[in-house]
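First comes the structure, then the notes that go with it.
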Amino acid sequence: DFVAAFFAAKTRAKMRTKRPPVLFLSELARLEWAVTSIFDRADETPLSHAAITAVPAKRWEHVRMGVRPTVEVYAFHYPVNRYLQAVLDDTTPAIPRKGASWCQVYRVEHRVWRLDIEAGRYQLLRALMDGMPLGQALEIAAATIVDEQAAAATVQGWFADWVNDG
């Protein structure tokens, strides 16, 4: 596939002579493949505002929300999305130090986006993608949010982002 080959060539050309860890390379390849595969996926029509507001408030805890097939989330041991962006920006980044990172890859119309996300946002989306009821998924995400006062606003912001992105 041309897109995967293009990104792989750019990445190889920019890597320093120091041999990168295999895990880093594996995660970088997973991210590059995600961009390609999500671009080629069939999509579904998102729920309308009317469909969302038609759900009675007492039922939301038990609702199982699907996620569109053009959305994926990834947990990495290295900040590979930041590294890939630096390569695409024509800089010569050093191989990053090991450190947890989470990334959402999604398509809007005919463009694929990569977004570094917080652990809670990753946990919430992963739980919803695995078919967990909304109430349970929110419990998992809430456990990762340090500022309990801001938890509701944070999660509402995530949902607003998802609705705005289709």
Side-chain angles (χ1 to χ4, degrees), residues 1-46 65-132 137-138 140-147 150-151 153-166:
D1 175 82
F2 171 76
V3 174
F6 172 80
F7 285 115
K10 274 188 84 104
T11 302
R12 280 192 307 271
K14 299 243 176 179
M15 283 190 173
R16 296 187 186 261
T17 57
K18 179 183 170 192
R19 189 172 180 108
V22 171
L23 180 58
F24 168 76
L25 293 174
S26 169
E27 291 184 344
L28 184 59
R30 278 181 52 215
L31 181 57
E32 291 176 330
W33 178 248
V35 170
T36 300
S37 67
I38 287 172
F39 182 82
D40 292 333
R41 288 183 190 172
D43 201 1
E44 297 174 354
T45 304
M65 302 179 76
V67 176
R68 294 170 69 181
T70 53
V71 175
E72 283 291 343
V73 290
Y74 297 89
F76 295 116
H77 297 92
Y78 286 88
V80 291
N81 186 45
R82 187 178 65 203
Y83 178 86
L84 179 58
Q85 189 58 53
V87 170
L88 295 174
D89 290 341
D90 286 327
T91 64
T92 308
I95 303 303
R97 291 182 183 196
K98 200 172 190 179
S101 70
W102 301 270
C103 185
Q104 179 180 340
V105 182
Y106 61 102
R107 189 180 79 219
V108 176
E109 296 180 9
H110 299 290
R111 185 162 183 193
V112 177
W113 299 88
R114 294 171 291 104
L115 177 66
D116 282 321
I117 58 175
E118 304 93 339
R121 187 171 176 153
Y122 168 83
Q123 294 290 346
L124 179 56
L125 266 174
R126 181 80 267 149
L128 293 174
M129 294 169 92
D130 290 343
M132 196 172 286
L138 288 171
I140 290 170
T144 67
I145 299 173
V146 178
D147 184 355
T154 298
V155 173
Q156 287 171 340
W158 296 341
F159 276 98
D161 289 346
W162 298 330
V163 169
N164 289 336
D165 290 335

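One distance of note links OG1 of T91 with CD of Q85; it measures 9.0 Å at 0.5 Å rounding. Rounding to the nearest 0.5 Å gives a distance of 6.0 Å between NE2 of H77 and CG of L23. Rounded to the nearest 0.5 angstrom, Y74 OH and Q104 CD are separated by 11.0 Å.
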Yes or no on side-chain contact (heavy atoms from CB on, under 4.5 Å) for L124 and L138, after CA distance, side-chain angles and deciding distance?
CA-CA 6 Å; L124 179 56; L138 288 171; 4.0 Å; yes
Mind running side-chain contact (heavy atoms from CB on, under 4.5 Å) on L31 and E27 for me, showing each step along the way?
CA-CA 6 Å; L31 181 57; E27 291 184 344; over 6 Å; no
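Within the 4.5 Å cutoff, the side chain of S101 has no heavy atoms near those of the R82 side chain. At least one side-chain heavy atom of R126 sits less than 4.5 Å from a side-chain heavy atom of D130. R121 has its side chain within reach of D161: a pair of non-hydrogen atoms, C-beta onward, lies under 4.5 Å apart. Using a 4.5 Å heavy-atom threshold, the side chains of E118 and T144 count as separate. Counting heavy atoms from C-beta outward, V80 and C103 have side chains that stay 4.5 Å or more apart. With a 4.5 Å cut-off on side-chain heavy atoms, V35 and F39 do not count as touching. The closest side-chain heavy-atom distance from P69 to D43 is below 4.5 Å.
Between A42 and T70 the shortest heavy-atom distance is O-CG2, 4.0 Å. Taking each heavy atom of I140 and A127 in turn, the nearest pair found is CD1-CB, 4.4 Å.
Considering only residues two or more places apart in sequence or on other chains, A75 meets the side-chain contact (heavy atoms from CB on, under 4.5 Å) condition with W102, Y122. Scored by the side-chain contact (heavy atoms from CB on, under 4.5 Å) test, M65 finds W60, V63, L128, L134, F159 as partners (sequence neighbours excluded). Qualifying side-chain contact (heavy atoms from CB on, under 4.5 Å) partners for S37, counting only residues two or more places apart in sequence or in other chains: W33, R41.
Distance alone, capped at 3.5 Å, is enough to place a donor-acceptor pair between the R107 side chain and the I38 backbone.
Checked against Y83 for a ring-ring contact (aromatic ring centres under 6.0 Å, His included), the options F76, Y78, F24 give a single hit: F24.
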